[in-house]
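Notes follow the structure.
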Protein chains: 2
Amino acid sequence: MVRNFPEPEIFTLNCPTQQVLDIIGNKWSVIVLYCLAYGSKRYTQIQRRIEGISQKVLTQTLRNLERNGLIERIANIQSSTGIEYSLTTLGESLIEPLLEISDWSRANFEEVSTARDLYDANN
Amino acid sequence: MVRNFPEPEIFTLNCPTQQVLDIIGNKWSVIVLYCLAYGSKRYTQIQRRIEGISQKVLTQTLRNLERNGLIERIANIQSSTGIEYSLTTLGESLIEPLLEISDWSRANFEEVSTARDLYDANN
DNA sequence: CCGAATCCCCTACGATACTG
DNA sequence: CAGTATCGTAGGGGATTCGG
């Protein structure tokens with residue numbers, strides 16, 4: 001029991017929390033958001049930065065984040081090749097909560113890892 | 001640009017953050033953790049509480065959370081039907097960060113929703 | 001440089017039925 | 001009560017190829 005929950009609606013289908021989890025609850029969305037939190041970037045910069053992401057999935061992920069208002073796709077007018085992705089104000093406001101998850105992950109990864117090893121050894 | 005990142009390792013494959021995201025980045029894990037944050041519960045209590053989850057997926061989700069040390073499965077000795085699930089200390093420490101996501105979701109859901117509607121209308 | 005278009009695989013998820 | 005077993009589908013994800 002951690003604190004009082006103001007929202008029992010959290011267990012109802014398609015409540016705000018579940019919808020947001022659907023947006024960021026895939027393999028790459030959070031990583032892409034982190035990546036853009038350093039500042040706006042071009043497509044290939046993102047791809048080079050994130051190890052292991054394929055072109056198709058990067059495009060899908062960017063579109064989905066753009067669709068939900070978390071990032072912006074800005075075509076630079078002077079240069080023909082100038083397409084930049086950046087966080088919106090909305091997306092930026094989500095970074096802080098997400099960093100809490102990342103902080104927790106680095107702090108508690110050892111414990112998770114040993115729990116997993118122990119479980120796998122016994123089952 | 002939100003704050004300085006102490007961890008560029010976040011973009012490397014299977015770093016702590018990505019591994020944790022793999023654990024909780026599915027449809028029901030976070031909801032189940034929320035559910036147990038209210039206190040320990042039996043299997044059917046959880047199932048009744050969470051709208052739309054199937055037996056199979058609930059079992060899978062519980063096993064996975066148990067495997068990674070976030071919840072505990074306790075078989076009560078006196079009663080044959082007494083199996084309780086509860087957060088471990090580790091799992092409890094993850095609730096607070098997760099609640100930040102939930103808070104954000106409720107606070108910013110309107111904006112996400114309208115962004116999505118606007119995008120869908122234009123594409 | 002920034003993708004779009006295919007093809008294909010695998011797994012998550014769901015529905016249903018059955019069990020100690 | 002607390003699951004297992006089985007089947008079927010949708011879509012997430014990857015490799016490759018092509019286009020503006």
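Lettering of chains follows the sequences in order, A, B, ..., and the numbering in each one begins at 1.
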Kindly say whether [Y] contributes a backbone atom to a donor-acceptor pair with the side chain of [X] at under 3.5 angstrom?
| X | Y | answer |
| --- | --- | --- |
| A:Glu92 | A:Leu87 | no |
| B:Thr61 | B:Val57 | yes |
| B:Thr114 | B:Glu111 | yes |

Quick one: is the NZ or CZ of A:Arg49 closer than 6.0 Å to the six-membered ring centre of A:Tyr38, and within 45° of its axis? yes
Between [X] and [Y], what is the shortest heavy-atom contact and its length?
| X | Y | result |
| --- | --- | --- |
| A:Ile23 | B:Arg116 | CD1-NH1, 4.3 Å |
| A:Tyr119 | B:Arg63 | OH-CD, 3.7 Å |
| B:Ile10 | B:Gln18 | O-NE2, 3.4 Å |

Rounded to the nearest angstrom, tell me the gap between atom [atom1] in [X] and atom [atom2] in [N].
| X | N | atom1 | atom2 | value |
| --- | --- | --- | --- | --- |
| B:Leu58 | D:dT4 | CG | C1' | 14 Å |
| B:Leu62 | D:dC1 | CG | P | 15 Å |
| B:Ile83 | D:dC1 | CD1 | P | 12 Å |
| B:Gln55 | C:dG14 | CD | C1' | 12 Å |
| A:Ile31 | D:dG13 | CD1 | P | 12 Å |

Under 4.0 Å from any atom of DNA chain D, heavy atoms only: list the residues of residues 43-51 of chain B that qualify, in numerical order. B:Tyr43, B:Thr44
Reckon [X] has a side-chain N or O less than 4.0 Å from the OP1 or OP2 of [N]?
| X | N | value |
| --- | --- | --- |
| A:Tyr85 | C:dC1 | no |
| B:Arg63 | D:dG3 | yes |
| A:Arg42 | C:dC2 | yes |

Pairs: protein N or O with nucleotides 5-12 of chain D N or O, under 3.5 Å:
none

Closest to the B:Thr59 side chain: D:dG14, D:dT4, C:dG3? D:dT4
Using the rule side chain to side chain contact (heavy atoms under 4.5 Å, CB included), only one of B:Leu90, B:Thr88, B:Thr89 pairs with B:Glu72; which is it? B:Thr88
Sorted by chain and number, sequence neighbours left out, side chain to side chain donor-acceptor pair (under 3.5 Å) with A:Ser40 holds for A:Glu84
